[in-house]
J.: 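One structure, pasted below without further comment.
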Protein chains: 2
Amino acid sequence: MSGAVLSLKNRMPGARREIDLAGLDFSNCPVRDMMQQIGGKWSTLLLEVLAAEPRRFGELRRMLPDISQRMLTQTLRDLQRDGYIAREVFPTKPPSVEYSMTDLGRSLYQPLSQLLNWAEANHDPVRAARARFDGADS
Amino acid sequence: MSGAVLSLKNRMPGARREIDLAGLDFSNCPVRDMMQQIGGKWSTLLLEVLAAEPRRFGELRRMLPDISQRMLTQTLRDLQRDGYIAREVFPTKPPSVEYSMTDLGRSLYQPLSQLLNWAEANHDPVRAARARFDGADS
DNA sequence: GGTCGTTGGTCTCAAAAAGAGACTAACGCT
DNA sequence: AGCGTTAGTCTCTTTTTGAGACCAACGACC
């Protein structure tokens, strides 16, 4: 989970030049760094839910019935770590915790929701491609 | 990898109504279905490379020096399966294989590249948030 | 004419990540 | 006293990822 952004920067002094990806900077790769988090199995789901309104832990757990508590805790913590969501503890009788989206999270959510819309709109072509592929060689 | 889109549709007849996620359809979840693929460690990287121009297998392997052949093969096949990229074999002496983006892939790449741009533009805030978080409790 | 390198993979095994579910501790209700 | 609620943590199992050896066919080299 931690460390190891890419380990490409220190990787042979003389060699390694090649094509260099049309200007893409993979040595520092913000794309992978972020997509690793966003692409997690539950991250987008949680961002989508929290983009609508703040939620409490148990509320989220009930909304995503097939997430394990372990993964919910961990995904929330990772999203918080990256600054997308905020965690606030209320000192009620059994302390309750509310998660809400930050400004950075909302900023991320704009392009992300576009992608999510694409996913919903193009689910059929993808499923069709899959069926074609799976049927072709089996 | 296969089956099990969510297993929420058949899950208690009477109960389970709650909030229903502000209109989001999680029973069939195209979002997770697609993000699972896109969010893979190498998928976006490959899509980004292939969006620029078609590439051969070995070429891709050399461009992404820290991908294992196994994962390269598998990621390419998954992207092909979902219809984002096409695989063409040329019957040269040692047969060569070229991967190129399909129309569906290009369609996906539009919102995806927006997200990728966001990632590059906002790498610093995210890294800052991370540093703050990691420093806070340690 | 045997060896080397090239092609695009597959196979096996080890490491890392994800999932399931039991367990915790403080409080409220009955 | 016993049960349920809160938000988690801990352990164990399964799945996914990663590293790297191996493969078959051909061309060039010596």
Side-chain angles (χ1 to χ4, degrees), chain A residues 1-8 11 15 18 32-33 35-46 50 54-81 85-100 137, chain B residues 1-8 11 18 32 35-46 50 54-81 85-100 137:
Chain A
M1 226 56 167
S2 62
V5 173
L6 217 172
S7 78
L8 200 149
R11 198 179 241 295
E18 194 98 27
R32 193 196 304 184
D33 191 24
M35 286 305 291
Q36 276 295 89
Q37 194 44 240
I38 294 314
K41 189 162 187 176
W42 306 101
S43 307
T44 43
L45 247 22
L46 284 172
L50 292 177
R55 298 284 185 182
R56 304 213 349 233
F57 184 89
E59 211 174 354
L60 292 168
R61 179 159 46 91
R62 279 186 296 275
M63 288 172 89
L64 279 60
D66 56 349
I67 193 174
S68 64
Q69 292 199 212
R70 184 184 158 283
M71 283 315 290
L72 181 54
T73 303
Q74 192 176 319
T75 306
L76 285 170
R77 219 189 301 290
D78 288 346
L79 292 175
Q80 182 197 355
R81 189 173 101 98
I85 64 177
R87 176 178 184 274
E88 192 176 3
V89 183
F90 295 99
T92 49
K93 319 71 172 287
S96 66
V97 179
E98 191 183 79
Y99 293 91
S100 59
D137 55 5
Chain B
M1 224 61 165
S2 61
V5 174
L6 217 171
S7 80
L8 199 150
R11 197 178 242 297
E18 193 99 29
R32 191 196 304 184
M35 286 305 291
Q36 276 294 87
Q37 195 44 239
I38 293 314
K41 190 163 187 175
W42 306 101
S43 307
T44 43
L45 247 23
L46 284 172
L50 292 176
R55 298 285 185 181
R56 301 208 358 226
F57 184 88
E59 210 173 354
L60 292 168
R61 178 160 44 92
R62 280 186 295 275
M63 288 173 88
L64 280 59
D66 54 349
I67 192 174
S68 64
Q69 291 199 214
R70 186 184 156 283
M71 283 315 290
L72 180 54
T73 303
Q74 193 177 320
T75 306
L76 286 170
R77 219 191 302 289
D78 288 347
L79 291 175
Q80 182 196 357
R81 188 172 102 98
I85 65 177
R87 177 178 183 271
E88 192 177 2
V89 182
F90 294 99
T92 50
K93 319 71 172 286
S96 66
V97 180
E98 192 183 79
Y99 293 91
S100 58
D137 54 3

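Proteins come first, then strands; the chains are lettered A, B, ... in the order of their sequence lines, and each starts at number 1. Just so we're clear, the structure is a prediction, and the values are computed from it rather than from any experiment.
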J.: What integer distance in Å separates A:Asp78:CG from C:dA17:P?
T.: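 Whole-Å distance recorded here is 11 Å.
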J.: Answer yes or no: does a side-chain N or O of A:Arg62 lie under 4.0 Å from OP1 or OP2 of D:dA7?
T.: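 For A:Arg62, the contact criterion (side-chain N or O under 4.0 Å from OP1 or OP2 of D:dA7) is not met.
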J.: For a 4.5 angstrom cut-off between non-hydrogen side-chain atoms, does B:Gln74 reach B:Arg77?
T.: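 The answer is no; the side chains never approach within 4.5 Å.
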J.: Of the nucleotides C:dG9, C:dG19, D:dT17, which one has an atom closest to the side chain of B:Arg70?
T.: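 Between C:dG9, C:dG19, D:dT17, the one nearest the side chain of B:Arg70 would be D:dT17.
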J.: Would you kindly give the CZ-to-P distance between B:Arg56 and C:dT6, to the nearest whole Å?
T.: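 It works out to 13 Å between those atoms.
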J.: Would you say a side-chain N or O of B:Trp42 is under 4.0 Å from OP1 or OP2 of D:dT17?
T.: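 Result: no.
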J.: Calculate the interatomic distance between A:Leu60 atom CG and D:dG8 atom P; express it in whole Å.
T.: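 Answer to the nearest Å: 11 Å.
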J.: Would you kindly give the CG-to-P distance between A:Leu64 and D:dA7, to the nearest whole Å?
T.: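 In whole Å, D:dA7 P and A:Leu64 CG are 15 Å from each other.
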J.: Ignoring hydrogens and angles, state whether a donor on the side chain of A:Tyr99 or A:Arg55 is under 3.5 Å from an acceptor on the partner side chain.
T.: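 No, because no side-chain N or O of A:Tyr99 sits under 3.5 Å from a partner of the opposite role on A:Arg55.
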J.: Could you state the atom-to-atom distance from CE of A:Met71 to C1' of D:dT14 in whole Å?
T.: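 Distance, rounded to whole Å: 14 Å.
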J.: Considering just the side-chain nitrogens and oxygens of B:Lys41, establish if one lies under 4.0 Å of OP1 or OP2 belonging to D:dG18.
T.: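 Looking at the OP1 and OP2 atoms of D:dG18, one of them is under 4.0 Å from a side-chain N or O of B:Lys41.
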J.: Could you tell me the separation between the CD1 atom of A:Ile67 and the P atom of C:dG19, rounded to a whole number of Å?
T.: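 Answer to the nearest Å: 8 Å.
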J.: Please determine whether a side-chain nitrogen or oxygen atom of A:Gln74 lies at a distance below 4.0 Å from atom OP1 or OP2 of C:dA18.
T.: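 The answer is yes; a side-chain N or O of A:Gln74 sits under 4.0 Å from OP1 or OP2.
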J.: Nearest-Å distance, CD (A:Gln36) to C1' (D:dT16)?
T.: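 After rounding, the reported distance stands at 12 Å.
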J.: Toward the 5' end of DNA chain D, which comes first, A:Pro94 or A:Thr73, by nearest nucleotide?
T.: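 Its nucleotide being nearer the 5' end, the pick is A:Pro94.
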J.: Quick one, B:Ser43 and B:Gln37 - any side-chain contact, counting heavy atoms below 4.5 Å?
T.: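 A side-chain contact exists here, since the closest heavy-atom pair is under 4.5 Å.
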J.: Could you say whether A:Gly40 or A:Gln69 is positioned toward the 5' end of DNA chain C, judged by the nucleotide with the nearest heavy atom to each?
T.: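 Its nucleotide being nearer the 5' end, the pick is A:Gly40.
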J.: Provide the closest heavy-atom pair for B:Thr44 versus B:Ile38 in the form atom of the first, atom of the second, distance.
T.: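 Result for this residue pair: CG2-O, 3.6 Å.
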J.: Between C:dG8 atom P and B:Tyr99 atom OH, what is the distance in whole Å?
T.: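 The answer, rounded to whole Å, is 8 Å.
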J.: Among C:dG8, D:dT6, C:dT10, which is the nearest nucleotide to the side chain of B:Arg77?
T.: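 My answer, after comparing the listed nucleotides, is C:dT10.
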J.: With a 4.5 Å heavy-atom cut-off, do A:Phe57 and A:Glu98 have their side chains touching?
T.: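 A side-chain contact under 4.5 Å is absent here.
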